[in-house]
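Residues take their numbers from the sequence shown, with the count starting at 1.
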Amino acid sequence: FFFFKQKTAYEISACLVGSEMCIRDRMIKYLLVSLLVLSAYAEQAPLKSSTEFAALTEIDSHPFGNAMMSYIQLHLQTEGPIEEINALLIKMRDDLLREKDSLDQDNEHEKVICSAEIQTLNEDLKRLNQNLADTNERLRRANEDHEDSQRSLAVVDAALDANEKKITEGERIRSEDQTIYSNKNSEYDELIKALDEAVDLLTKLQSSGSFIQISGDLNKIKEKMLKHQATHTKFMNMYTPVIQALNQLAEKAEPAKVQQVFKLIASLRRALADAKNEESFAEQKAIQDWDTLKRDLLTEKANLHSQKLQLITRVEGDKSTIETSEGETSTYTSLLDNTKSSLQIKEGYCSTLKEKFTNSQNINTRNLELLDKLIEYFEKNVNKIKDYIRFRTQAVSYTHLRAHETGRNLVCRLLLEKKK
């Protein structure tokens with residue numbers, strides 16, 4: 001008895017048989033049928049080989065060769081012309097050759113692009129490394145300059161402190177010296193005035209001849225002289241004779257002794273006046289020296305202040321350079337990391353692309369070899385292919401094949417007949 005079953009093309013197992021109503025369409029449909037059959041055969045078990053058909057079995061064991069064999073089997077079992085098979089195989093070989101050329105061109109094109117992009121990234125890396133090195137060197141110099149400026153600023157600050165101390169100390173000493181001078185000058189004036197008074201008293205003594213009238217005033221003069229005697233030690237030898245002469249006048253006011261006292265007082269007065277003038281000259285000299293020194297110290301202070309301002313400006317400039325260089329270092333470091341990452345990604349992509357092209361070329365080359373062998377069989381020993389197809393055919397035959405086209409696919413439906 002007979003029973004019938006419908007199956008779609010992708011369900012069909014080995015030994016596909018179809019009618020001409022599907023396979024004698026446009027040439028492109030041969031390729032679509034072959035691809036459908038390839039997907040159907042990709043997971044099936046390999047055929048049992050025979051030494052007689054070793055070469056054809058080897059072709060059939062390859063997925064592409066298996067698809068071609070299935071197509072040939074389908075075409076022969078539907079009594080399609082042998083010439084169509086050979087023409088299709090030749091056309092497919094030409095297509096594969098064009099595909100191989102296209103792959104080679106694409107491969108070369110991608111190699112050029114990859115090489116150029118990798119070279120560009122390597123040049124970017126080199127440039128960024130150089131920029132980073134330059135920035136680090138600039139940062140190092142800026143740090144050194146900053147440290148030098150800080151040290152110089154500390155030196156200037158110390159010099160300013162020393163200068164200020166010199167001015168303060170000089171002012172103090174000058175003030176003390178001026179006080180001492182003023183006191184000495186007052187003493188000289190007081191002694192000279194006392195001596196002048198003594199002269200006036202002695203002149204009065206000469207006119208009146210009475211010592212008693214002037215004794216009180218002369219005692220006051222002696223007291224003043226005794227008061228300052230200890231201070232003016234260098235005039236000790238002149239003080240003593242005057243005081244002794246005055247004491248003698250108190251005992252006996254003789255004209256000769258009065259004249260002697262006049263001489264002694266005049267000599268002492270000249271000595272005191274000379275000493276006062278010397279002190280005055282020394283004071284004026286000290287004032288001039290101090291004014292000169294103070295002027296020099298103030299000039300030095302102004303110069304130090306100017307240096308300090310310049311150093312502060314340098315320090316601020318160094319800080320700005322350091323901040324800028326640190327920012328550039330961070331930027332270049334980030335750019336370097338990104339560029340290295342991009343280079344790794346690009347090298348990985350190019351390596352994967354190269355592997356993909358190599359695999360595609362290997363598959364294309366293998367398929368071309370299989371097609372060349374099949375074409376050679378069709379040209380020299382087509383009967384052996386027919387014998388192999390009969391050997392390949394199983395117990396199931398497919399008596400009907402219907403086909404229709406959708407927008408994207410060629411759909412074949414088979415009416416299956418299985419004999420018990």
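Between the side chains of Y332 and N129, no donor N or O sits under 3.5 Å from an acceptor N or O. No side-chain donor from either of D124 and T339 sits under 3.5 Å from a side-chain acceptor of the other. Under the 3.5 Å distance criterion, with hydrogens and angles disregarded, no donor-acceptor pair is assigned to the side chains of N131 and E328. Checking D134 against Q130 by side-chain atom types alone, a donor-acceptor pair falls below 3.5 Å. With hydrogens and angles left out, the side-chain atoms of R140 and S325 include no donor and acceptor closer than 3.5 Å.
Contact check on D274 versus R270 returns no salt bridge, with no Lys/Arg side-chain nitrogen under 4.0 Å from an Asp/Glu carboxylate oxygen. Salt-bridge check for R98 with D94: failed, with every basic side-chain N at 4.0 Å or more from each acidic carboxylate O.
Remark: K308 pairs with D157 by the side chain to side chain donor-acceptor pair (under 3.5 Å) rule, at least two apart or across chains. Contacts of E99 classified as salt bridge (charged side-chain N to carboxylate O under 4.0 Å, His left out), with partners at least two apart in sequence or in another chain: none. Taking E316 as the reference, nothing meets the side chain to side chain donor-acceptor pair (under 3.5 Å) condition, with sequence neighbours excluded. Residues satisfying the salt bridge (charged side-chain N to carboxylate O under 4.0 Å, His left out) test with K166, not counting sequence neighbours, are none.
Sorted by first and then second residue, the pairs that involve residues 92-121 and meet disulfide bond (SG atoms under 2.5 Å apart), not counting sequence neighbours, are C114-C350. Pairs passing the salt bridge (charged side-chain N to carboxylate O under 4.0 Å, His left out) check and including a residue from residues 361-373, sequence neighbours excluded, read R93-D372, R366-E369.
Looking only at distances, no side-chain donor or acceptor of S334 sits under 3.5 Å from a matching main-chain atom of S330.
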Give the intermediate values and the outcome of side chain to side chain contact (heavy atoms under 4.5 Å, CB included) for residues Y349 and E110. CA-CA 11 Å; Y349 168 77; E110 291 296 334; 4.3 Å; yes
Where do D104 and K100 land on the salt bridge (charged side-chain N to carboxylate O under 4.0 Å, His left out) test, with the steps shown first? CA-CA 6 Å; D104 290 339; K100 183 176 184 300; 3.5 Å; yes
